Each structure stands twice: as structure tokens, then as C-alpha cells.
Amino acid sequence: LRDPSHERLLERYGDRIGRPRAELETPALLLDLGAARRNIARMADLLTGLRVGLRPHVKAHKSPELARLQIEAGAAGVACATVWEAVVMAERAGVEDILIANQVVGAGKLGRVATLAGECRLTVAVDDGRNVRDLSQAAVAAGSELELLIEVDVGMGRAGVRTVEHAVALAATIAELAGVRLRGVQGYEGHCMIEDDRALREAAAVAANRALLAVVDALEDAGHPCETVSGGGTGTYAITGANPGVHEVQAGSYVLMDSFHERLVPGEFELALSVLGRVVSRQGATVVLDCGRKSVSTDFGNPGLVAYPEAHVRLYAEEHCLVDFDRPPPLDLGDTAEVGLSYAPTGVNLHDVFHVVDDGVVTAIWPVAARGSGPPLLR
Ligand SMILES: Cc1ncc(COP(=O)(O)O)c(C=O)c1O
């Protein structure tokens, strides 16, 4: 598919293909493709072992190329956070079964999802009857059918119906309307991902799953079958995925990894993502790299240097990363060093492209294609 924005990025970054990592302009987002492939294969195997489906969330990488690898490894479809991610996944990656795991509101986006539903199997999360009516109207106007998951708040306090009664009423509204069909429920236990204590996290995830399945029972008793029960993430895949009532796990960050997710599933997946910086100043025991907060996200702490975990990263300023060593620094002016990320989803989003690295050499440039809200969405 011809994509002018993709072509512009290749024009801008394409000459980096074939260069050794240390000769890249910095800061540069690096993807270790071997590690990403192994992570993809590992999660696919783990979930096959648990007899549960995988619907990888693509919000962390926003990359059609990585999504294709996940589909080739057996994922039935993908989950997206935004309408633009869904458009990119359908049109650039050819994904046939796409869930927008959030609410879609606003005329432009309603129109776009309704058209997109004519091109692939498209499912949207809902938690409000007014929104269901808007989706129905948009789908009828486009001559398409949108599938819906009722989102249930299972403890995070974000979107999602708060009561079983609300879920049942919403299902009744959906059943009355043309252009929309109830596919099932979604309950994302995001509050568990910020619980470091493994035992507490497990208890919270089990309770969240129980709350979700109570809604499924009530819906089915009221005559609304749930073909799809969806939830889970990288930090809870083993708990939510082991629940026989859950059909698919929405884990996503396992592909790239970061220190936030490493704490949740230590040693299970490899770090496939880093930002390459270059030493622009060396003063005593301190070196200054040119990768600050405009290229490295610091949401969950200051990421450290991959090759020198003992070094103290004191501060990320806008364009500077300040690193203190307790010995003469092993890095000199002009040297490069990689920093990991503390939270991949917000870190990737700061960059135009992944530099795909194999054996220390850039082998491809992959756009972070689904950044932002996309071009005007109504067509
Ligand atoms: C609805 C939903 N599902 C799944 C995920 C996936 O989480 P992770 O990237 O931690 O695997 C998220 C993350 O925010 C989410 O919001």
C-alpha cells in the first residue's frame, strides 16, 4: 500500500540502513529484532500452553511490521488504543480482526470506525448507551456492522460500567439497534500492573477476573451470549490467561519490554528496545549523553545504561542525560551508549522510526506509523 508519510520517513532515515549502530545520528530508537522475535514466540507459546488466545495490544509499538510478526506467530487479531492505530493496522498490516479497546467518541472517529468496519472485523469497547446509539447510527449510515465489547471496570476506576445492572441494560440497548452487535465483554485489570507485590497482584487479578465473569453470567442469563471475554496485560497474562472463562489476553509490552514490565515479569522476556545516545561532554566522573527527555520517557523512573548498570543516571534534562560513574568513565567524547526505557509505550511515541538492528548493524527502518490521531479521519 502506498503511504506518503511512510515514504517521507524512509527518505529521511533510509540512508542509515547498513550503518553500524555506533555510526548513527543520535538519539536513535533501536529495536533488537532477534530479541523481539523471541519475545513474540515465547508469549505465543506460553498462551498456547494456557489454552487461551492472544490479542496483542499494539499501543506500545504502533508498528505494522511488528504486528505482522505477532499475527504470523498465531495472534487472532490485535487490540488498539486509538482509531488511528486501528486504521494503520487494517490498512498497513492487513490485520483482519481488530479491537479498539477504548471508547470511540466524536463525529470524525465514529464515521471512520464505521467505514473501517466494512474493511475488517472491527470491535469497539463501550460503556454508555448514548455512545452505543451514535455507533449504531454511524454504522447504519456506512452500511457496515460494528461489534461491541461492553467494558467492565474491574477495579482500575477508568472507563467501564460499574455495575452488573448497567451491563445488562447496555446489552439490551445494543440488541435493539441496527448496525451494532454484542460480541462480549472486556475487563482490563490495569490497577494490578502497578502492584509490585506478586501475591497482592495475583489476588487483585483473580478478583478482577471474578468480577468480569459475574457480568458474563448475568448477560448470558439475560439472553446475551458473550462470544469474547477479553482482558489481561503483560503483568497478568499468567493469571488472567489461566482463567478458563477468559478467551483472549491483551498483552502488548512483552514484545519490547522496559524496566516497568521487567519488575512485573522478571527474567521472562528480553529487552528489545533502547535509545542510543552519544557522549557530548565528559567532566571528571560525569558523562553527558545527548538523549534527554525528548527521546527517553522517564514516567516510571530514570532508565539506566544498558552496558553499565552500575552507573548512576542522575538526571534526564530535555536533551541531556547526566551519568555519574564512581571511577574514571569508560565512555569518552563521541562514544555511544544505549539506555533502556522505563516505559516503552510513551518512549516509542517520542520517535519517528525504529532502527531495526541485527548483529550491530541497521537492517531496516520501521516507522512508528500509528503515532498521533492521524490525518483527518472522515472519508
Ligand atoms: C485495555 C488495555 N489492554 C491491554 C493493555 C496491555 O498492557 P501491556 O502493554 O502492559 O501488556 C493495556 C495497557 O494499558 C490496556 O489499556
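Counting starts at 1 for both ligands and their atoms, in listed order. The analysis underlying the following values was restricted to heavy atoms, covering all of them including side chains, and did not include hydrogens, waters or symmetry mates. This is a predicted model, so every value here is computed, not measured.
Ligand 1 has an N or O atom lying under 3.5 Å from an N or O atom of Gly252, backbone or side chain. At under 3.5 Å, not a single nitrogen or oxygen of Gln186, backbone or side chain, sits near a nitrogen or oxygen of ligand 1. An N or O contact shorter than 3.5 Å links Thr234 to ligand 1 by distance.
Side chain of His247 to main chain of Glu227: a donor-acceptor pair is present (N/O by atom type, distance under 3.5 Å, no hydrogens or angles). Between the side chain of Ser63 and the backbone N or O of Glu65, at least one donor-acceptor pair lies under 3.5 Å. The backbone N or O of Val288 lies less than 3.5 Å from no partner atom in the side chain of Ser281, so there is not a single donor-acceptor pair.
Ion pairing of Arg112 with Glu91 is present here, as a side-chain N (NZ or NE/NH1/NH2) and a carboxylate O approach within less than 4.0 Å. Ionic pairing of Glu85 and Lys59 is not present here: no N-O contact between side-chain nitrogen and carboxylate oxygen is shorter than 4.0 angstrom.
Among all protein heavy atoms, the one lying closest to atom 10 (O) of ligand 1 is His261 NE2, 2.8 Å. Closest to atom 13 (C) of ligand 1 among all protein heavy atoms lies Lys59 CE, 2.9 Å. Among protein heavy atoms, atom 12 (C) of ligand 1 sits closest to Tyr188 CZ, 3.3 Å. The shortest contact between atom 9 (O) of ligand 1 and any protein heavy atom is with Ser253 OG, 2.6 Å. Here the protein heavy atom with the shortest distance to atom 6 (C) of ligand 1 is Gln250 O, 3.4 Å.
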Identify every side-chain donor-acceptor pair in residues 67-79 under 3.5 Å, counting partners at least two apart or on other chains, and give the distances.
from: Arg68; atom 1: NH1; to: Ala93; atom 2: O; distance (Å): 2.6
from: Gln70; atom 1: OE1; to: His61; atom 2: NE2; distance (Å): 3.0
from: Gln70; atom 1: NE2; to: Tyr254; atom 2: OH; distance (Å): 3.0

Would you be so kind as to tabulate the donor-acceptor pairs closer than 3.5 Å made by side chains of residues 155-170, with sequence neighbours excluded?
from: Arg162; atom 1: NE; to: Asp153; atom 2: OD2; distance (Å): 3.3
from: Arg162; atom 1: NH1; to: Arg158; atom 2: O; distance (Å): 2.8
from: Arg162; atom 1: NH1; to: Gly160; atom 2: O; distance (Å): 2.8
from: Arg162; atom 1: NH2; to: Gly157; atom 2: O; distance (Å): 3.2
from: Arg162; atom 1: NH2; to: Arg158; atom 2: O; distance (Å): 3.0
from: Thr163; atom 1: OG1; to: His166; atom 2: N; distance (Å): 3.0

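Ligand 1 lies nowhere less than 4.0 angstrom from a heavy atom belonging to Ala81. A heavy-atom separation below 4.0 Å is not found between Gly190 and ligand 1. The shell of residues lying under 4.0 angstrom from ligand 1, judged by heavy atoms, excludes Glu151.
Close approach of ligand 1 to Ala251 (heavy-atom distance below 4.0 Å) involves ligand atoms 11 (O). Those atoms of ligand 1 that come under 4.0 Å of a heavy atom in Gly232, given as number and element, are 4 (C).
The number of heavy atoms from other shown groups lying within 6.0 Å of CZ (Arg327) is above 12.
Of the listed residues (Val280, Val279, Val275), just one forms a side-chain contact (heavy atoms from CB on, under 4.5 Å) with Leu289, and that residue is Val279.
Between Val58 and Cys80 there is a side-chain heavy-atom pair separated by less than 4.5 Å.
The proximity of Met193 to ligand 1, defined as any non-hydrogen pair under 4.0 Å, does not occur for either the backbone or the side chain. Using a 4.0 Å cut-off between heavy atoms, Arg158 contacts ligand 1 through its side chain alone, with no backbone atom that close.
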